[in-house]
Amino acid sequence: MSILNVLILVCVLYVVFLFAVAFAADRAALRGQGSWLRSPYVYTLSLSIYCTAWTFYGAVGFAARSGLEFVTIYIGPTLVMVGWWWTLRKMVRVGRSQRITSIADLISSRYGKSNLLAVFVTVLAVIGATPYIALQLQSVTLSFAAFAETEVAAGTMPDMQSTAVWVAAGLAVFTILFGTRNLDANERHHGVVMAIAVEAVVKLFALLAVGVFVVWGLSGGVAETLARIDASEIARFEVTGSRWVGLTMLSGMAFLCLPRMFQVMVVENEDEDHLRTAAWAFPTYLMLMSLFVVPIAAVGLDLMPNGANPDLFVLTLPLMDGRDGLAILSFLGGFSSATSMVIVAAIALSTMVSNHMVMPIWLYVSGGAAMVSGDVRHVALLARRLSIAGIVFLGYLYFRLSGGGTALAAIGLISFVGVAQFLPPLMGGLFWRGATRSGALTGLGLGFFVWLYCLFLPSFGPSVVLPQAVFENGLWGIGWLRPRAMFGAEGMDPVMHALLWSILLNAGGFVLVSLLSFPKPIERLQGAQFVNVFEHSPTPGGWTGGMAQSEDLLVMSQRILGAREAQNLFEGVAKRQGLAGYLPEPSPDFLQELERVLSGSVGAATAHAMIGQIVGGAAVSVEDLMAVADEAAQIMEYSSQLEAKSQELARTARQLRQANEKLTQISVQKDGFLSQISHELRTPMTSIRAFSEILRDTDDLTLEEQSKYASIIHDESVRLTRLLDDLLDLSVLENGQVVLNTQTGRLSELLDRAVRAAGVQGEIRIERDRASEVVDLTTDLDRLAQVFINLIANARKYCDGRPPILTIRVGQSDGQLVIDFKDNGSGVPPEKQSVIFEKFSRIGETKAGGAGLGLAICREIMARLGGDVSYLPGQKGAAFRVSLPIETRMAAQ
Amino acid sequence: MGKTVLLIEDEPNIIEAVSFILSRDGWEVKTHSNGHDAMQAVRARVPDLIILDVMLPGKSGFDILAEIRNDAQFAETPVLMLTARGQTKDREMAERAGASHYMTKPFANAEVLAAVRALVAP
């Protein structure tokens, strides 16, 4: 069996082993077992994804090319772990309390949930990570090729590309399988973390093994190795202080900002205290990783033929010596480094891409309906899986297109500078409350474009993306815009140059714009939550677990749902879970159901926050609070609308009631009126009919009787006619259809006419003061006369004076002409005085022949003439006063 | 000797007409023309039939009918009500109050006569 086949077999077995580890860890976590999963050492080992294939293979190459400079890549993270542990702790705490899913999420959350910012960070991270993923694929391919070279003649190289395809596909499958098992991006991926920890052990072991072999096997001991180092070029490399400091800073910054590091350090973090262990354990790991780099490089340079790729010394040295087993182990170490990086990077980036780009677009496209339908989670899952595949494919594409020629370390550093741009908004967000979204956007934008222009695009070489002319003369021929010498900074190392300007402009723009711009309220709140995270959030503890929680949940649910309903719900679930009693296990399904039920009563955000508070121990985030406040505001708004509506309804009801009362009153009046008319009409008709039948049917009537009955019929007919006339008159007057026939005439003559028409001669004496009656009037004289006639006729009918006397007096009162009609009778009883002007009101029991319409007609007429008629009480007899406005009167000349 | 009819009515012409019709049929007609003391008139004359107008000065015919029915002596005395307000609710009120018969003005003389004859059993 050829070594290549063995290699492939071992590789496949190793991959199967990793699958098994991941599967077992996931199962254990699901069953709540495996406290070893939550060990701080697993956490520390998972951090080792910092050491990618670039570190595994490339560090030796780096050392072979530039001497001890490679150490900076380890010093940076070491300084961060040891010296900046408080920053890490703050990041972890914020990540837990805000349920952060990625560095893009953290930055966008801090600056008021700005999705623009999240998209920006995501794009930058993807651009930065793509070459890095390509680099991992390349390292696997190259190392595979190194094996192949030993076996087959040059020129019949196995297809390098197909190796990369298989590796990429395998990685994508693994990541999708173990990275998207849970729907919640915030949950931990125990399987993945465990597999990475195993790989961390493998790569450290492999590198140490190769180192031991090189020092003691190949070189013949420590002393000989040191001699070789002294003799090699490595010892002669000048260490430039500025570059050292720069690279150290750069690697430290990248350690904090790399999306994959954020994933393992913050998102996958089980316990803040793990940082305490990692603070010493991780630097130790790095130190061990770097221990044999220089010896391997020195020995490699010494023993390997000129032109051999120093990046592959770790592999080629054992191979050269025929140590196939060691070589395979070394290969596995490199393979582990590459795969673990790709897996974690794909998880981190896919979370960012799906959460901040795919999902917002999908939700926008599918509209609001998607928010309420249940398949959002499946869409999210699909988006994450597709994003993983897409990101790995992008890396593969980059690998294919770039041809894999560039030195590994160079790509790594370019990537580092890219992600280092996150540092200003990240640190500013964690420590400076004045930092604003506009500032973060400005800083990131500036840094990103400087990086793109000065480092990323030029890395493809002149004339690939940027034309040669731009390199020599600057953009648009402006000298200080040359990508390798911005602002006249000539002769600098390109990486340092880009780092300097990008970070300088990034931080400067960030601070300046933050100072100038004004944060929105949500930014202010989020800022306080982030900067003062240790004051706000409780120490995140694990699940307190079990029935105590269920009891708390029940108490809470009872308050919201009512005791009976809550108990029914809990009991039902407990029964389904096969438990005795009424308290169910707080399983995710149950919690989800409970949240759904509660949200029906208190709103989704509130329900989520309440359950989270009890079960998760997770702090209620500002977002939750804002959502709660929004809901409360909506409810208040709604209830105030309801209140307004009910007030309006009450008002309408009151108006309706009033209208109804009025209608009822009118209807009663109308009924009464009709009933009165009916009575007034039927009474004379009864007499007429009765007597006409008597006249018709009785043969033996005397002439006297005949004439008497005929005259009754006649009188009643007249009465009927008069009644109809009065009714018509009143109807016309009341409807305002009357046309006034205005004339000028003398009052005395009008009274003469009235007295004559009333036909009172001899029945009642009328006393007048003719001198006062010399007044000319301009009004409807006929109508006024009608009033006078009515009043005189009433006096004649009702006056019971012995002998009856009616006195008519004319005078002035309150600027009005008044004509008083006063008799010497007993007058109108006080209780009747208020109704005598109403229709059909009659005084006394005496049959005076009237229907009780006269005074009603008088009142209507006087109203039309602009005057009034009223009863004057306390005059001993009946006294009526007719008053007219003075303008109608014209004194006689 | 004919039976006695007490006519309580305020319209003189109607009193005259009804009296004429009933007298010629052999009834002894007594009249009273206001509501106030209608009950005294009833007790004083103890009629075989009462003809009662609804709209009377002083007291409503319904009130008088109630008083008549409340007096055990007249509980069975037939009462014929006459009204000029031809509304169905008046008819209902009259029947509830215990009227034996109800007629709307104007009436045919023959109808009154027939009603009176029917109400007073020979």
Side-chain angles (χ1 to χ4, degrees), chain A residues 667-668 670-702 704-720 723 798 829 831-832 840-852, chain B residues 7-25 29 31-38 51-62 80-94 102-116:
Chain A
S667 162
V668 165
K670 198 170 179 177
D671 280 356
F673 183 64
L674 283 173
S675 170
Q676 283 282 359
I677 289 177
S678 168
H679 182 261
E680 296 303 324
L681 291 172
R682 283 169 191 272
T683 302
M685 280 163 66
T686 308
S687 300
I688 292 168
R689 183 170 179 185
F691 283 110
S692 55
E693 283 185 13
I694 289 170
L695 286 174
R696 185 192 65 196
D697 300 336
T698 320
D699 302 327
D700 55 346
L701 283 177
T702 62
E704 207 175 328
E705 280 173 326
Q706 282 182 15
S707 117
K708 184 187 175 191
Y709 295 162
S711 73
I712 289 177
I713 291 172
H714 172 262
D715 289 349
E716 293 288 9
S717 304
V718 171
R719 178 178 161 194
L720 208 49
L723 178 69
Y798 296 109
E831 72 272 11
K832 295 274 188 180
F840 301 110
S841 63
R842 272 178 303 208
I843 299 160
E845 294 159 27
T846 47
K847 273 284 153 195
Chain B
L7 172 62
I8 306 175
E9 165 67 67
D10 64 330
E11 192 70 28
N13 290 338
I14 297 176
I15 294 172
E16 184 158 359
V18 173
S19 300
F20 179 88
I21 300 159
L22 292 180
S23 303
R24 281 183 65 88
D25 198 48
V29 182
T31 63
H32 185 79
S33 64
N34 69 66
H36 291 306
D37 43 4
I51 299 178
L52 183 59
D53 186 24
V54 170
M55 287 181 84
L56 287 167
K59 197 178 266 179
S60 148
F62 294 123
L80 168 61
M81 288 207 86
L82 297 177
T83 178
R85 300 192 308 193
Q87 286 166 338
T88 45
K89 76 172 182 204
D90 290 328
R91 177 181 291 273
E92 285 164 15
M93 271 175 80
Y102 178 95
M103 290 180 75
T104 308
K105 297 175 185 174
F107 42 78
N109 294 348
E111 277 181 275
V112 178
L113 209 51
V116 170

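Everything numeric here is computed off the predicted structure, so don't read it as measured data. Throughout, a chain's letter reflects where its sequence line sits, starting with A, and its residues are numbered from 1.
Both the backbone and the side chain of B:Phe107 have a heavy atom closer than 4.5 Å to some heavy atom of chain A. Only the backbone of B:Ala110 comes within contact range of chain A, judged by heavy atoms closer than 4.5 Å.
Side-chain atoms of B:Thr104 and A:Arg682, non-hydrogen and from C-beta on, do get closer than 4.5 Å to each other. Inter-residue side-chain proximity for B:Arg24 and A:Asp700 is flagged as met; some heavy-atom pair is nearer than 4.5 Å.
The line from CG of B:Asp53 to OG1 of A:Thr683 is 7.5 Å long, rounded to the nearest 0.5 Å. Here the CG-OG1 distance, from B:Leu82 to A:Thr686, works out to 8.5 Å after rounding to the nearest 0.5 Å. To the nearest 0.5 Å, the span separating NE2 on A:His679 from NZ on B:Lys105 amounts to 5.5 Å.
Within residues 706-714 of chain A, the residues having any heavy atom under 4.5 Å from a heavy atom of chain B are, by residue number, A:Lys708, A:Tyr709, A:Ile712.
Contact check on A:Arg719 versus B:Glu11 returns a salt bridge, with a Lys/Arg side-chain nitrogen under 4.0 Å from an Asp/Glu carboxylate oxygen.
Contact between B:Asn13 and A:Ser687 at its shortest, heavy atoms only, is CB-OG, 3.3 Å.
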